[in-house]
There are 2 protein chains.
Amino acid sequence: MPDIMEDADRHCAKTGARLTPLRRRVLELVAQARAPVKAYDLLSQIDRTSTSAKPPTVYRALDFLIEAGLVHRVEALNAFVACPQAGHGHAAVLYVCESCANVTEVQGSRPGQENKPAGFTVKRSVIEHYGLCADCPRP
Amino acid sequence: MPDIMEDADRHCAKTGARLTPLRRRVLELVAQARAPVKAYDLLSQIDRTSTSAKPPTVYRALDFLIEAGLVHRVEALNAFVACPQAGHGHAAVLYVCESCANVTEVQGSRPGQENKPAGFTVKRSVIEHYGLCADCPRP
DNA sequence: GAGCAGATGTAATAACGTAACATTTTATCG
DNA sequence: CGATAAAATGTTACGTTATTACATCTGCTC
């Protein structure tokens, strides 16, 4: 995995988004985790250092990071993962292993739009597959 | 739309699932709604009649209905919709209009599995597209 | 009718997320 | 530089979503 933080810095420099110390810290925490992270877990990790973190602190940082394309929200888990490739847009397809919690992200240009109803305009897609990754033993 | 309740009765008779009065009532409420329904909205609708409904009441009924393939959970909305065709499995693709809240469900045999990682076994998929349906005006 | 399994009732609380307003920091421009 | 406007963060409070744990009831089987 290439350095997510460097990638994020470059991406934000390019787009003009402001990756402040707080946002950077939240991204680091999300990126370091080897599994989707919960907002309140981030909150308690931040608290260890700064003592002033409250829910809006972390949710605002996450909103920014999602908007910037640096983090994805895993809807069915109420959790968050770092995007391995900054700014790939919102076309991510996530494969979430229910055994080891590892998440693999792949890209598709118009993923999952089987039999799209006539005239429907897709603005945002949520595509999450849950199961077992190759490394986890079958039950 | 063919009668969802008849469909549900037939489906449960076939599979041996017990569509009790409470579960049936919850399914009716979900099916009547023209948009995804929140659990606590169901709760207050049930309360009007029985006065004894508490959160577990409705969540248990919803769990049963989802398990039985009669209801889908819309993950990104924390809400629920009736499945138009009982027991179609968990391969549903949902198109959710953000303007009128209407949900169209289509079926795909292996929807959304673009570039599936080698060896990954999918057990359950969440595929939700958000945007504007054909009937809603473009901004 | 004793015993069991499944379903439901009930109380309490955990987990997730946001609104509203105060304060601080940073950018901009005269 | 200093005014001022915009963006970010701090803070309090609360709203929403969901679960745990245990009690009770209902219908079935023997």
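Being a predicted model, the structure only gives us computed values, none of them experimental. In the text below, chain A, chain B and the rest are named by the order of the sequence lines, each starting its count at 1.
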Assess whether a salt bridge exists between A:Arg124 and A:Glu75, defined as any Lys/Arg side-chain N lying under 4.0 Å from an Asp/Glu carboxylate O. yes
Length of the line joining A:Ile46:CD1 and D:dA8:P, which is rounded to integer Å: 17 Å
Could you write out each protein N or O paired with an N or O of nucleotides 15-24 of chain D at a distance under 3.5 Å?
| from | atom 1 | to | atom 2 | distance (Å) |
| --- | --- | --- | --- | --- |
| D:dT17 | OP1 | B:Lys38 | NZ | 2.8 |
| D:dA18 | OP1 | B:Arg73 | NH1 | 2.9 |
| D:dA18 | OP1 | B:Arg73 | NH2 | 2.5 |
| D:dA18 | OP2 | B:Tyr59 | OH | 2.8 |
| D:dA18 | O5' | B:Tyr59 | OH | 3.4 |
| D:dA18 | N7 | B:Tyr40 | OH | 2.6 |
| D:dA18 | N6 | B:Tyr40 | OH | 3.2 |

B:Val93/A:Asn115 under side chain to side chain contact (heavy atoms under 4.5 Å, CB included): CA gap, chis, key distance, verdict: CA-CA 9 Å; B:Val93 177; A:Asn115 305 315; over 6 Å; no
Figure out the CD/P separation between A:Glu67 and D:dA7, and round it to whole Å. 14 Å
Would you mind checking if A:Arg10 and A:Asp7 are paired as a salt bridge, meaning a charged N to carboxylate O distance below 4.0 Å? yes
Whole Å only: how far is the CD atom of A:Glu75 from the C1' atom of C:dA15? 16 Å
Whole angstroms only, please: what is the CZ-C1' distance between B:Arg25 and C:dG9? 17 Å
Here the distance between atom P of D:dT12 and atom CG of A:Leu43, to the nearest Å, is 14 Å
Tell me every residue that passes side chain to side chain contact (heavy atoms under 4.5 Å, CB included) with A:Lys38, counting only those two or more places apart in sequence or in another chain. A:Asp41, A:Asn78, A:Ala79
Atom CG of B:Leu22 to atom P of D:dC25: distance rounded to whole Å? 17 Å
Salt bridge (charged side-chain N to carboxylate O under 4.0 Å, His left out) partners of B:Arg24, counting only residues at least two apart: B:Asp9, B:Glu28
How close or far is atom C1' of C:dT8 from atom CZ of B:Arg24, stated in whole angstroms? 19 Å
Please check if any side-chain donor atom of A:Thr121 sits under 3.5 Å from a side-chain acceptor atom of B:Arg138, or the reverse. yes
Consider the side chain of B:Thr20, meaning its heavy atoms from C-beta on, and name the nucleotide among D:dA8, C:dT8, D:dT11 that approaches it most closely. C:dT8
Assert: residue with more 5' nearest nucleotide on DNA chain C, out of B:Arg23 and B:Lys54, is B:Arg23
Would B:Arg25 and B:Thr20 satisfy side chain to side chain donor-acceptor pair (under 3.5 Å), going step by step from the backbone distance to the final call? CA-CA 8 Å; B:Arg25 172 120 172 78; B:Thr20 63; over 6 Å; no
For the pair made of CZ in A:Arg18 and C1' in D:dT9, what is the distance, rounded to whole Å? 11 Å
Hey, is the side chain of A:Thr57 poking within less than 4.0 Å of OP1 or OP2 on D:dT9, counting only N and O atoms? no
